[in-house]
Amino acid sequence: MCGIVGYIGPRQGPDVVLGGLRRLEYRGYDSAGIAVIDGAGIDIRRDVGKLGNLEAMLRQSPLAGHLAIGHTRWATHGVPSQRNAHPHLGMEGRVVLVHNGIVENYQSLREELSAEGVDFRSETDTEVIVQMVERFMAAGLSLEEAARQTLGRLNGANAVVLMSVDQPDRLVCARIGNAGGIALGIGAGEMFIASDIPAILEYTRQIIFLESRQMAVVTVDDYRLTDLDGRPMRAEVHAIAWDPVSAEKGEYKHFMQKEIFEQPRALIDTLGGRIDFETGCVSLPEMNLTPELVANIDKLYIVACGTSYYAGLVGKYLIETLARLPVEVEYASEFRYYDPILNERTAVLSITQSGETADTLAAAEQARAQGATLWAIVNAIGSQSMRLSDGTIAMHAGPEIGVASTKAFTASLADLYLLACALGTLRGTITPAQMRRLADDVARLPALVGRVLEHDADYQALAERFHRASDFLFLGRGINYPIAMEGALKLKEISYIHAEGYPAGEMKHGPIALIDEEMPVLAIVTKDSLYEKMISQVQQAKARGGVVIALATEGDEAIRGEADVVITVPEAPPLLAPIVNVVPLQLLSYHIAVRRGADVDQPRNLAKSVTVE
């Protein structure tokens, strides 16, 4: 799901909404639509493709009204099509809605509503929300109360904006979890709603940001904020500077903080249009994968630098596990200076946020010269890496301004998961039933990450205790070993604390000599097949006087007797655990850097895109 814009006031709503959607195009989308309430009821225009297609439709068949909502969609349930595009209308034509997020239990809700006689017109999970709201309103509830009852039945992270012909003087919006933001813009005799503030900054700089489990009822000159139980909430109004850089930060102190909190939305966007959560089918059309091509590849190299290299190490685990294809991961800066064995039966996958990293481009050009198939996972659409490759996966993480990568890292891990699924399907190493389970797992991912972000204050307190440390050791095993290295990299990048990430089993082969009461050891001890092994590493560190911070699974009480500090994450499917487990390490690094007074967004000696050798 992608961009949301809403308006109520004296202006023509479609003009305001369309302009706002234009400012959210950077997020990527496959269809768009606008709905208004006029004297005749609810009127909708929707089309597939870019906003230009919707604009052409509006020129031929204009909309007019002072109450409007709009959306740019990136498909998660159902192919890109007019009937799957937002906004979605209830069966009786009384309620219309736009939505960001994933309704994890949509299938059971859809079956329930169908049994009650609801005729679904789309393949989306979104439609169950509007149909349920309409059913509650038919039973006599207000739009606000019907939305509250409906949202209480949804699983997953979701953000919605609704309007109804039965109450044509208001918009209702709400947020659950971290599926994406909802911002209210306060104007003079008009109000605005958007998923990101650039959409409405032309009109107002007085902004309210909805927190998780908050709802707002918005009228032309007022708003009322409650929680999802109906209790009144105090709204904090933020004055956003007109300066574009400050405006883009919104409610956040730094871009890095904003980008950490954008990860649930970035994950939804990168999954969107690529996996059918009903059938489990993965579609990566820009990769140009065919059974013949995949059958001809007997080895894959992943080349990358920095954070992307650690993503590649996780990718190796995913692809070898699911597709049974041998993978080697190389630093691009080293790959270009030795003579790797490459030929037409080899594929080389570059991972690069900017798509312009000099070392990674040089490695790809070397592979091209030796006849290898070139693939790329990249965030910058149209970048050189994308143009050079035979097949690509765009991260769809949105602009990442902070030098230390966060959301581009987790988006690239999600893309690697999808690639592993696609390759496994084509190679016959994943059955349809297995693929359906893998799809179910990844559908839960944005909400799991959102749950970690709800505990941000815990990491701020932890930073207060450990910000004076001069050294840190991060330990992990298996698929979490690269996450230990990524955690160490984040800490050293932005706080300038010396940190090392190690495979935990190697600690006794050298690094254990460094452990004393002055050196914090952060161990990833979540419940997986290597849990008992990690407990042993924690005990060894404690025996040498080390101060151990354990990253553990919620509900694991035994670990509290082993570690000095325990931070928890929700239980995640093993292959997706790295995406959940890295978020606490990002938050800890961020808060330590802030406490030390470091320049978080532009750390010394570093650049966002390294375009020189």
Side-chain angles (χ1 to χ4, degrees), residues 1-27 29 32-38 42 51 54 58 63-72 86-87 96-100 143-144 147 159-164 167-175 179-211 214-226 233 235-244 246-252 258 265:
M1 301 298 179
C2 288
I4 287 175
V5 182
Y7 175 76
I8 182 170
R11 306 174 198 262
Q12 278 298 317
D15 295 340
V16 175
V17 169
L18 187 62
L21 293 177
R22 276 278 180 214
R23 296 180 187 90
L24 299 180
E25 280 195 289
Y26 70 85
R27 296 176 71 162
Y29 61 99
I34 294 175
V36 300
I37 291 183
D38 57 22
I42 297 172
L51 280 171
L54 179 61
L58 289 168
L63 289 175
H66 301 289
L67 186 66
I69 58 176
H71 189 271
T72 49
H86 295 217
V96 66
L97 164 144
V98 291
H99 163 233
N100 279 349
L143 177 62
E144 175 186 0
V160 298
V161 183
L162 304 104
M163 58 187 188
S164 170
Q167 293 182 277
D169 62 340
R170 66 194 57 200
L171 296 168
V172 172
C173 58
R175 175 183 174 188
I182 289 287
L184 306 184
I186 304 170
E190 58 185 351
M191 295 287 288
F192 307 84
I193 298 174
S195 54
D196 208 351
I197 61 173
I200 56 177
L201 200 59
E202 176 185 350
Y203 304 104
T204 180
R205 49 180 165 168
Q206 299 297 112
I207 304 292
I208 297 167
F209 298 99
L210 262 64
E211 302 294 336
Q214 288 186 345
M215 172 182 287
V217 178
V218 180
T219 57
V220 70
D221 55 7
D222 199 8
Y223 62 88
R224 180 165 48 85
L225 189 66
T226 67
M233 304 289 291
E236 181 180 358
V237 180
H238 298 259
I240 305 298
W242 284 111
D243 166 55
S246 297
E248 289 288 345
K249 289 180 188 174
E251 63 188 302
Y252 299 101
K258 179 176 186 280
R265 191 270 302 164

| Leu24 and Ser195: which non-hydrogen atoms are nearest, and at how many Å? | CD1-OG, 3.6 Å
| query | Hey, what's the ring geometry for Phe192 with Tyr7, parallel, tilted or perpendicular (30° and 60° as the breaks)? | reply | tilted
| task | Only counting residues at least two apart or in another chain, list the ones meeting side-chain hydrogen bond (donor to acceptor under 3.5 Å, both in side chains) with Gln167. | result | none
| query | Is there a donor in the side chain of Asp38 and an acceptor in the side chain of His66, or the other way round, less than 3.5 Å apart? | reply | no
| Is there a side-chain contact between Val172 and Met215 (heavy atoms, below 4.5 Å)? | yes
| said: Under a 3.5 Å distance rule, please check whether Thr204 uses its side chain to pair with a backbone N or O of Ile186 as donor and acceptor. | reply: yes
| field | Ion pair check, Glu144 and Arg170, cut-off under 4.0 Å | value | no
| Any side-chain heavy-atom pair from Leu143 and Leu162 closer than 4.5 angstrom? | yes
| query | Does Met163 reach the side chain of Ile69, with side-chain heavy atoms less than 4.5 Å apart? | reply | yes
| Any donor-acceptor N/O pair, Thr219 side chain to Asp169 backbone, under 3.5 Å | no
| task | Measure the CE-CG distance between Met191 and Asp221 for me, rounded to the nearest 0.5 Å. | result | 9.0 Å
| Leu54 versus Ile34: any side-chain heavy-atom pair under 4.5 Å? | yes
| For Tyr223, ring pair (Phe, Tyr, Trp, His ring centres under 6.0 Å) partners two or more places apart | none
Which donor-acceptor pairs under 3.5 Å do the side chains of residues 12-20 make with protein atoms, sequence neighbours left out?
{"residue": "Gln12", "atom": "OE1", "partner": "Gly65", "partner atom": "N", "Å": "3.0"}

| Between Pro168 and Ile37, which heavy-atom pair has the shortest distance, and what is it? | CB-CG2, 4.0 Å
| Are Arg22 and Leu51 close enough that some pair of their side-chain heavy atoms sits under 4.5 Å apart? | yes
| said: Please enumerate all residues that pass side chain to side chain contact (heavy atoms under 4.5 Å, CB included) together with Ala216, with sequence neighbours excluded. | reply: Cys173, Leu184, Leu210, Val218, Leu225
| task | Would you check if Ile207 and Ile200 make a side-chain contact, meaning some heavy-atom pair closer than 4.5 Å? | result | yes
| field | For Asn100, the option from Arg175, His71, Arg265 that meets side chain to side chain donor-acceptor pair (under 3.5 Å) | value | His71
| said: Taking side chain to side chain contact (heavy atoms under 4.5 Å, CB included) as the definition, give me every residue that meets it alongside Glu211, ordered by chain and number, with sequence neighbours left out. | reply: Gln214, Glu251
| request: Identify, with sequence neighbours excluded, every residue that meets salt bridge (charged side-chain N to carboxylate O under 4.0 Å, His left out) alongside Glu190. | output: Arg11
| query | Does Leu63 reach the side chain of Leu58, with side-chain heavy atoms less than 4.5 Å apart? | reply | yes
| query | Looking only at heavy atoms, which two atoms of Val96 and Ala35 are closest? And how far apart? | reply | CG2-CB, 3.9 Å
| message | If you apply the rule side chain to side chain contact (heavy atoms under 4.5 Å, CB included), what do you find for Val36 with Leu67, and how did you get there? | response | CA-CA 6 Å; Val36 300; Leu67 186 66; over 6 Å; no
| message | Within the 4.5 Å heavy-atom criterion, are Gln206 and His238 side-chain neighbours or not? | response | no
| task | Measure across Ala159 and Ile182 and return the closest heavy-atom pair with its distance rounded to 0.1 Å. | result | CB-CG1, 3.9 Å
